[in-house]
Amino acid sequence: MTVTAQLSRRGFLQGTVAALTLAVTAKGVVTAAWAADTAVQKYGADSMPGGTVDDPLVFVSIAPDGTVTIVAHRAEMGTGVRTSLPMVVADEMESDWARVKVVQADADETRYGNQNVDGSRSVRHFLMPMRRVGAAARQMLEAAAAARWSVPVLEVKAVQHEVLHPPTGRRLSYGELAADAAKQAVPTGDALKLKARTEFRYIGKDRVRLVDLEAIGKGQATYGMDMRLPGMVYAVVARPPVVGGRLRRFDGAKALAVPGVLKVVEIPAMTGAPAFQPLGGVAVVARNTWAARQGRDALEIEWDDGPNGSYDSGAYRQTLEAAARRPGKAIRHQGDAAQAWAKAPEAERVAAEYYVPHLAHASMEPPVATVLIKGGKAEVWTSVQNPVAARDAVAARLKLEPANVKVNVLLLGGGFGRKSKPDFVDEAAIVARAMPEGTPVKLVWTREDDIRHDYLHTVSVERLEAVLDKNGQVQSWLHRSAAPTIASLFSEGAKGQQMFESAMSAINMPYRIPNVQVETAEVEAHARIGWFRSVANIPHAFAAQCFIAELADRAGKDPKDFALDLIGPARRIDPGTLADTWNYSESPERYPYDTGRLRGVIEAACKGAEWGRTLPKGHGLGLAFCYSFMSYTATVVEVAVDDKGEVRIIAVDMAMDCGPQINPERIRAQMEGGAVMGLSLALTSEITFEKGRVKQSNFHDYEVLRHNASPRVIRTHLVNDDHALPPGGVGEPPVPPVAPALCNAIFAATGKHVRSLPVRTVVRSA
């Protein structure tokens, strides 16, 4: 479903959206719209629903005792954004961090700007607005002090929670000035003076720890699962085991006989494209979750499996392989790759296929939401990445105005894209509506619910073909991707990856190759396909980076040297020349593809791993690199493979260039977490289907990397802390290069190509 983007006031004044934004609301994908009276194209935050807000009166308040309260309008799920953005405000404001309190905003994009925490956009889009908030607040405090003393404002200066008048030695605290400062005009435009980088106290300094760290460590932090209200009841749902399935009939008598069970509530079946709808089914409400689960087990249910009842992931893999071997829809065409392939001798042709299975998000905290309906209003407490989508879903379900629905955003125990889809909040609203008014309902997903009913990362087969001449130079490159698309969430029968998916490490490859063809195959989705940490970069980078290593081996060259030669000299490329008209919604002028920065992370990762050193028998080093979410990342993995094929991770070196480094400790933490998650996806994780049903159910069969299998060492290397550059993303970019670096390391250690995930074990070559 296509809707028009909601713009901020600033965005409206500057023009209307004219590019694919990949913003997603409760109603679907927000796409571009041309205005009749302007050709201005909106990018980045201005192209998102809600845009940006930089009003200090919205984000900052100061108590008489000097306590500065800063609003965090982005949800916290481990990235540190609840600390980093308020820290930016405090730095520009010259606040003493020890006297800062952070509070979480509820769902209100008109007031706070965009709140959808997806796409590694939080710092990328809100660094400068939050700097402006802090700088404006500082200048308003200075203006209030100058007025109090009847001196020119240029004679006063804010320093660590006070405003000083150096000529007389007078000083006033922020608490003393707060009321007067709030009455000052908010400085804008040229009147707004940001700090110089040399004046930063917190930005880039590693001096500020997470605001929630102590509470988390003591078990006092409030996640969705921790929510408690007087009179609360609990619900779980029996959902159709097959996506698109429907309830044929059910009998709840035995469920109601379970002690503690209060009610059985039917959840309406999903209709049309999945979007953020509940799947349907039967909810069991009880006085505690154990009784609710026992009641659910006692339900007598007969399902109609619907059109996906025969879905088998093994057979579907063959469908994808067949599609990847046929000509597809060309989305990048440069030169004539087909002719180059046809004319090349067999010895110069190289072809390979790569497979990535469905993946589940498997965040440590499964989905959970609490809803209270009373007096024609609803209040929600939940761990959600897109609070406005949750608010709109509840408002639509209960036929309320959005203003009558309040969404309280709690800490998320992981999200990875799953919790931007508020189907679980909608379910809670349905159940709360069925209970007596004023009864708070906490709807809980179990681990099994989460694994079996996830919005899965797409399954894919990637076919690569290249012509490698006698000098080891790549003359042609074909990349054909066969994978169900995220667009199938919002449009029934949607087939083939869309531009925003193809622009993730498929079409936007900057290599010096004269003949390039990138294609997509039109294949159907048989499961709910959703965005996942780094999205289509995962299969595209896995295939392309493994293939580059194979080409290097065929050319008899060192993989690092081969890669750098393929990339070529440092240059700034307009993404549009690579067929990427999306560019993560960012301006191609502000965010060109910079091959110099890509080369820089490759050099840094290889230096950290001591690339080229002599390795013990059975050991191998593998390199992979990726540009994603406006950042550049390279990874080197060292493995040891024994005679039984058991893979042991010795070390990971990861380098990242995200431009200005706002909170380096959090960047390193995201890199380390991305390394572990990437290895987990590569080694153990896989969702499979039989008769339309997910075969996995919990961590015993949907495996994530265990502590004893994790790398002994993870070294992170931050590159190019350049505040002249616009910021890049951090949460997602660490993941894509990890799996190919691992597989390239296995190849270096064993001589065996790994083209299918998960790896599990490898049979070592003789």
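All values reported here derive from a predicted model rather than from experimental measurement. The first residue in the sequence is number 1, and the count goes up from there.
Annotation: ring pair (Phe, Tyr, Trp, His ring centres under 6.0 Å) contacts involving residues 435-457, sequence neighbours excluded, comprise H457-F532. Within the structure, salt bridge (charged side-chain N to carboxylate O under 4.0 Å, His left out) contacts touching residues 437-447 (residues at least two apart or in different chains) are R447-D450.
Under the salt bridge (charged side-chain N to carboxylate O under 4.0 Å, His left out) criterion, E365 pairs with K419, not counting sequence neighbours. For V258, the side-chain contact (heavy atoms from CB on, under 4.5 Å) partners at least two apart in sequence or on another chain are V261, Q294, A298. Applying the side-chain contact (heavy atoms from CB on, under 4.5 Å) criterion to L229, with sequence neighbours excluded, gives M227, M232, T370, W381, P440. Remark: R528 pairs with D423 by the salt bridge (charged side-chain N to carboxylate O under 4.0 Å, His left out) rule, at least two apart or across chains. For E300, the salt bridge (charged side-chain N to carboxylate O under 4.0 Å, His left out) partners are K254, not counting sequence neighbours. Scanning for ring-ring contact (aromatic ring centres under 6.0 Å, His included) contacts around H73 gives F59, F126, with sequence neighbours left out. With sequence neighbours excluded, no residue forms a salt bridge (charged side-chain N to carboxylate O under 4.0 Å, His left out) with K399. S680 meets the side-chain contact (heavy atoms from CB on, under 4.5 Å) test with T684, S685, V704, L705; sequence neighbours excluded.
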Listing, residues 75-84 side-chain donor-acceptor contacts under 3.5 Å, not counting sequence neighbours, or none:
| unit_1 | atom_1 | unit_2 | atom_2 | d |
| --- | --- | --- | --- | --- |
| E76 | OE1 | G80 | N | 3.2 |
| E76 | OE1 | V81 | N | 3.0 |
| E76 | OE1 | R82 | N | 2.9 |
| E76 | OE2 | G78 | N | 2.7 |
| E76 | OE2 | T79 | N | 3.0 |
| E76 | OE2 | G80 | N | 2.9 |
| T79 | OG1 | V81 | N | 3.4 |
| R82 | NE | D212 | OD2 | 2.9 |
| R82 | NH1 | Q104 | OE1 | 3.3 |
| R82 | NH2 | D212 | OD1 | 2.8 |
| T83 | OG1 | V211 | N | 2.9 |
| S84 | OG | G80 | O | 3.2 |
| S84 | OG | N663 | ND2 | 3.1 |

Could you go through residues 401-417 and list every donor-acceptor pair under 3.5 Å that involves a side-chain atom there, pairing it with any protein atom two or more places apart or in another chain?
| unit_1 | atom_1 | unit_2 | atom_2 | d |
| --- | --- | --- | --- | --- |
| N408 | ND2 | E379 | OE2 | 3.0 |
| N408 | ND2 | V380 | O | 3.0 |

